[in-house]
Protein chains: 2
Amino acid sequence: MTEDTCLITVINEERIAQARAQMPEEHLLIELAETFKLLGDPTRVKILQALAITELCVCDLAALLEMTSSAISHQLRLLRARGIVRFRKAGKVVYYNLDDSHVQTLVEVSLRHAAEC
Amino acid sequence: MTEDTCLITVINEERIAQARAQMPEEHLLIELAETFKLLGDPTRVKILQALAITELCVCDLAALLEMTSSAISHQLRLLRARGIVRFRKAGKVVYYNLDDSHVQTLVEVSLRHAAEC
DNA sequence: TAAACGATTGAGCAACTATTCAATTAAGGA
DNA sequence: TCCTTAATTGAATAGTTGCTCAATCGTTTA
């Protein structure tokens, strides 16, 4: 991390200034990336899509995705930590729901777009 | 990958059937996850956000994000590969633009939501 | 109370990823 | 032509991640 060429060489100073002025705060962009990263995994996308259709317990999700309940549980923990899913206990069984309608619309919008390609 | 408990134990058979029937095709969900994964990195989100404001060359992006142009170039390659950015050459300088308006609105919508939290 | 079962958790591992570093390409200017 | 510079590329590396496996927790029921 010494002075790299391109930390000095600047070609369009005004544009950089403009971008810098209009860019959202860094922590906001990092937050954003965190959320996208969470959606950026096939298993988690499938879980979210399934929960968008109906409430399911860990075991059902495991059966649906043909994975171990351990693997599912690990992923649900991440989704829980970001408040994307919520759960309710019914005895031994834990049912999961989507808790973030925004994420749901995000997935819907993206799916529509993906389907167009 | 033998017969795991939860590949057999099913609690809500009808719900699983319903989810299975309504779930989008697997390859579509995987595509979706690929796109989200690409957005799920701070550097790439910053690049996209900057390009949403103004056209910039590799060097400018490097200066703006305080990173080496090599690191930026590597990330641009990934974004290019998915058709999210396009470029035009002006002599030695390569200018990058957003090429996917959908991704742009995706980021905008998400930013608005992130800002609300 | 003990056994059974759904779910969670932590350690470990293999696969992946973002950056660095060095080498190379392509274009411009001396 | 040679030198400089913007950009790209490949290899190497440090850090991350998703799954497995085994152990454990909490609840039900025999």
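Within every chain, numbering begins at 1; the chains are lettered A, B, ... in the order of the sequence lines, protein sequences first and strands thereafter. From a predicted model like this one, the values you see are computed outputs, not experimental measurements.
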Examine [N]: is either OP1 or OP2 under 4.0 Å from a nitrogen or oxygen in the side chain of [X]? Give yes or no.
X: B/R88; N: D/dA7; value: no
X: A/Q75; N: D/dC19; value: yes
X: A/Y96; N: C/dT8; value: yes
X: B/S69; N: D/dA7; value: no
X: B/R44; N: C/dA18; value: yes

With rounding to the nearest 0.5 Å, note down the distance linking CG in B/L65 to CD1 in B/I72.
-> 4.5 Å
From the set [options], return the single nucleotide nearest to any side-chain atom of [X].
X: A/V93; options: C/dT17, C/dG6, D/dT9; answer: C/dG6
X: B/S70; options: D/dT9, C/dT9, D/dT20; answer: D/dT9
X: B/T43; options: C/dT8, C/dA7, C/dT19; answer: C/dT19
X: A/L78; options: D/dG18, D/dT8, C/dA18; answer: D/dG18
X: A/S73; options: C/dT8, D/dT8, D/dG18; answer: C/dT8

Carboxylate-amine/guanidinium proximity below 4.0 Å for B/E55 and B/R86 | no
Using a strict cut-off of less than 4.0 Å between a Lys/Arg side-chain nitrogen and an Asp/Glu carboxylate oxygen, indicate whether A/K46 and A/E66 qualify as a salt bridge.
-> no
Whichever of A/V94 and B/K37 has its nearest DNA chain C nucleotide further upstream toward 5' = A/V94
Assign each of A/Y95 and A/H74 the nucleotide of DNA chain C bearing its closest heavy atom; nearer the 5' end lies the nucleotide of A/Y95
Rounded to the nearest angstrom, tell me the gap between atom [atom1] in [X] and atom [atom2] in [N].
X: A/M67; N: C/dG6; atom1: CE; atom2: P; answer: 18 Å
X: A/K92; N: C/dG6; atom1: NZ; atom2: C1'; answer: 6 Å
X: B/K89; N: C/dG28; atom1: NZ; atom2: P; answer: 11 Å
X: A/L76; N: C/dA7; atom1: CG; atom2: P; answer: 10 Å
X: A/D60; N: C/dC5; atom1: CG; atom2: P; answer: 17 Å
X: B/L79; N: D/dT8; atom1: CG; atom2: P; answer: 12 Å
X: B/I11; N: C/dA4; atom1: CD1; atom2: C1'; answer: 13 Å
X: A/I47; N: C/dA7; atom1: CD1; atom2: P; answer: 13 Å

Which comes earlier along DNA chain D counting from the 5' end, the contact point of A/D41 or that of B/F87, where each point is its nearest nucleotide?
-> B/F87
Should the pair A/F36 and B/F36 be assigned to parallel (<30°), tilted (30 to 60°) or perpendicular (>60°) ring geometry?
-> parallel
side-chain contact (heavy atoms from CB on, under 4.5 Å) assessment of B/I16 paired with B/E13 | CA-CA 5 Å; B/I16 295 177; B/E13 201 143 7; 5.8 Å; no
Contact summary for B/L29 and B/P24, nearest pair of heavy atoms = CD1-O, 3.9 Å
